[in-house]
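Working notes for the structure below.
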Amino acid sequence: QVQLVESGGGLVQPGGSLRLACSCTTSGIIVSINAMGWYRQAPGKQRELVAGITLRDITTYADSVKGRFTISRDNVKNTVYLQMNSLEPEDTAVYYCNADLTTRPKYSSTPLYRDNYWGQGTQVTVSS
């Protein structure tokens, strides 16, 4: 069983900063974090990709956050971060962590299991 635990959301004034974190935990062993990303969903809007990072640290960003947000990962901690600077009211949304993971049982090298997982979401509100 895999869980993605998010933290770091909250209320911030326009122009402020927040850092989100998402940690992967499992009852087995994480063999590979193939990709991780942050999505967001504002009220009345579809969920959209904000930023993603691959196994080889290739990053991608939504045009609306380029130059303001930075995604990074800590492979030892199985954690991905989203540093958000120069926040705008339009960034207000629930932010969801997503991970493409390969796992295996704790006491066996097989089977390998690859699947896609979502966190529970964390609210980010940008308002004065």
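Side-chain contact of T125 with T92: a donor-acceptor pair under 3.5 Å is absent, judged by distance alone. No hydrogens or angles considered: nothing links the side chains of D63 and Y61 as a donor-acceptor pair under 3.5 Å.
The closest donor-acceptor contact from the side chain of T122 to the backbone of S7 lies at 3.5 Å or more, if one exists at all. Under the 3.5 Å distance criterion, the side-chain polar atoms of T110 are left unmatched by any main-chain donor or acceptor of L112. Between the side chain of R68 and the backbone N or O of S86, at least one donor-acceptor pair lies under 3.5 Å. Of the possible polar contacts, none joining the T102 side chain to the V31 backbone as a donor-acceptor pair under 3.5 Å is found. N98 contributes a side-chain N or O that, together with a main-chain N or O of Y117, makes up a donor-acceptor pair within less than 3.5 Å. Between the R114 side chain and the S32 main chain, no donor and acceptor come within less than 3.5 Å of each other.
With a 4.5 Å cut-off on side-chain heavy atoms, T103 and I29 do not count as touching.
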- [ ] Any chance you could lay out the side chain to side chain contact (heavy atoms under 4.5 Å, CB included) test for E6 and W38, step after step, and finish with the verdict?
- [x] CA-CA 10 Å; E6 299 148 336; W38 288 95; 4.1 Å; yes

Open item on the list: Between S17 and N85, is the side chain to side chain donor-acceptor pair (under 3.5 Å) condition met? List the steps.
Closed with: CA-CA 4 Å; S17 298; N85 298 328; 2.9 Å; yes

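Remark: Q3 CD is loosely packed, at most 12 non-hydrogen atoms of other residues, nucleotides or ligands lying under 6.0 Å away.
When each of V94, D91, V124 is paired with R40, the side-chain contact (heavy atoms from CB on, under 4.5 Å) condition holds for D91 and for no other.
Below 30°, between 30° and 60°, or above 60°: for Y95 and F69 the angle between ring planes is between 30° and 60°, a tilted geometry.
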